[in-house]
Amino acid sequence: SRSTDTPARPGRRAAPGEVQLLIAVQFICTFCTALFAGAALYINVAEHPARMSFETSVAVKQWAPSYRRATWLQAPLALLGSAAGLAAWLLGASSVWLVAALLIGAVVPFTFIAIMRTNNKLLAPDRDLASPETRALLQTWGKLHAVRTGLSLVATVLCIWLLARA
C-alpha cells in the first residue's frame with residue numbers, strides 16, 4: 001500500500017533523501033495546482049464577466065492579449081503540477097496523488113481538444129469583432145474555461161486533503 005508521507009518500498013526503509021524529495025514534489029504539485037486554480041477561478045468569476053459587460057468588439061480585443069498572457073502562466077503551472085504529482089506517486093505516495101496529477105494535467109489536452117478551436121476562431125484576423133457570432137464564441141470560451149477551473153479546483157482540494165492527513 002502506498003503512503004502519503006513516506007515512499008513505500010517493501011522490505012526496506014526509505015532513505016532521508018527520498019522522504020525529502022517526496023515532500024518537495026508534493027509541495028510543488030500542491031503549489032502549482034493551487035496557483036493554477038486561483039488564476040482560473042479569477043478569470044471565471046471576475047475577469048471574463050467584466051470583459052463581457054463591454055460591447056463585443058471591446059471584449060474580444062481585451063480577451064486576446066489576456067489569453068496570450070495567461071497561457072504563459074497557466075500552461076507551465078499545469079505541466080509542472082502534473083509532473084510533480086506523478087513524481088509523488090512514483091516515489092510511493094498515495095494513488096490519490098496520481099489522480100490529482102491527472103486532473104491538473106487534463107487541462108492541457110482539454111485546451112487543445114476542446115478550447116483551441118474556439119480560440120483560433122476568436123483570434124482569426126478576418127473576424128468581425130462586433131458580430132453576434134463573436135459574442136457567442138466568447139460565451140462558449142467562458143464555459144469551456146470553467147471546465148479547466150473545475151478540474152484544477154478538484155485537484156487542489158485533493159492535494160490539500162492529502163497534505164492535511166499526512
Side-chain angles (χ1 to χ4, degrees), residues 2 24-91 93-163:
R2 291 178 180 256
V25 295
Q26 289 172 329
F27 172 79
I28 291 167
C29 178
T30 304
F31 183 74
C32 291
T33 301
L35 280 178
F36 183 102
L41 186 62
Y42 169 80
I43 290 166
N44 276 115
V45 302
E47 183 178 331
H48 197 63
R51 121 180 4 115
M52 294 301 287
S53 71
F54 294 109
E55 65 180 54
T56 303
S57 64
V58 173
V60 76
K61 285 177 187 174
Q62 190 279 335
W63 174 86
S66 175
Y67 166 74
R68 287 184 184 107
R69 287 177 177 259
T71 298
W72 288 105
L73 171 70
Q74 290 190 292
L77 288 172
L79 293 170
L80 185 55
S82 183
L86 176 62
W89 176 69
L90 290 172
L91 286 168
S94 164
S95 60
V96 181
W97 283 103
L98 177 61
V99 173
L102 293 172
L103 286 168
I104 191 62
V107 303
V108 176
F110 180 79
T111 299
F112 284 112
I113 294 166
I115 300 178
M116 197 58 73
R117 198 170 93 203
T118 300
N119 292 351
N120 290 339
K121 287 180 182 179
L122 285 167
L123 294 170
D126 60 343
R127 165 140 310 280
D128 176 359
L129 299 182
S131 72
E133 180 192 8
T134 298
R135 185 149 203 96
L137 285 169
L138 283 170
Q139 290 168 335
T140 298
W141 183 89
K143 292 173 186 170
L144 292 170
H145 184 74
V147 173
R148 292 166 28 113
T149 302
L151 290 167
S152 64
L153 285 171
V154 172
T156 299
V157 167
L158 289 175
C159 290
I160 292 170
W161 175 72
L162 286 163
L163 291 178

Rounded to the nearest 0.5 Å, how far apart are CG of Leu138 and CD of Glu133? 11.0 Å
Any side-chain heavy-atom pair of Trp97 and Leu90 under 4.5 Å: no
In Å, rounded to the nearest 0.5 Å, how long is the span from CG of Leu158 to CG of Leu103? 6.5 Å
Roughly how far apart are Leu123 CG and Met116 CE, rounded to 0.5 Å? 9.0 Å
Looking only at heavy atoms, the pair that brings Pro76 and Thr71 closest together is CD-O, 3.7 Å
For the atom pair CZ (Arg68) and CH2 (Trp63), what is the distance rounded to the nearest 0.5 Å? 7.5 Å
So, do Leu91 and Gln26 sit near enough that their side-chain heavy atoms are less than 4.5 Å apart? no
Which atoms form the tightest heavy-atom contact between Cys29 and Gly81, and what is the distance? SG-O, 3.4 Å
For the pair Ser82 (side chain) and Ala101 (backbone), establish whether a donor and an acceptor sit closer than 3.5 Å, ignoring hydrogens and angles. yes
If the condition is side-chain hydrogen bond (donor to acceptor under 3.5 Å, both in side chains), which residues does Arg127 pass it with, not counting sequence neighbours? Thr134
With sequence neighbours left out, the residues meeting salt bridge (charged side-chain N to carboxylate O under 4.0 Å, His left out) with Arg51 are Glu47
So Cys32 and Ile104, do their side chains get closer than 4.5 Å, heavy atoms only? no
Taking the side chain as every heavy atom from C-beta outward, state whether Gln74 and Val107 have any atom pair closer than 4.5 Å. no
I'd like to know if the side chain of Thr156 and the backbone of Thr33 have a donor-acceptor N/O pair within less than 3.5 Å. yes
Closest non-hydrogen contact found for Ala39 with Leu73 is CB-CD2, 4.1 Å
Taking the side chain from Ser53 and the backbone from Ala50, do they hold a donor-acceptor pair closer than 3.5 Å? yes
Enter the distance from Asn44:CG to Thr149:OG1 here, rounded to the nearest 0.5 Å. 3.5 Å
Going by atom types only, do Ser57 and Glu55 share a side-chain donor-acceptor pair under 3.5 Å? yes
Going by heavy atoms in the side chains, are Val60 and Phe54 under 4.5 Å from each other? no
Indicate the ring-plane relationship of Trp141 and Tyr67, choosing parallel, tilted or perpendicular according to the 30° and 60° boundaries. perpendicular
Suppose we screen for ring pair (Phe, Tyr, Trp, His ring centres under 6.0 Å). Which residues come up paired with Phe27, at least two apart in sequence or across chains? Phe31
Would you confirm whether His145, through its side chain, and Ile115, through its main-chain N or O, come within 3.5 Å as a donor-acceptor pair? no
List the atom of Val25, the atom of Ala84, and the distance in Å for their closest heavy-atom pair. O-CB, 3.4 Å
Test item: Ser152 side-chain N/O and Arg148 main-chain N/O as donor-acceptor pair under 3.5 Å: yes
Any Leu86 side-chain heavy atom under 4.5 Å of Leu98 side chain: yes
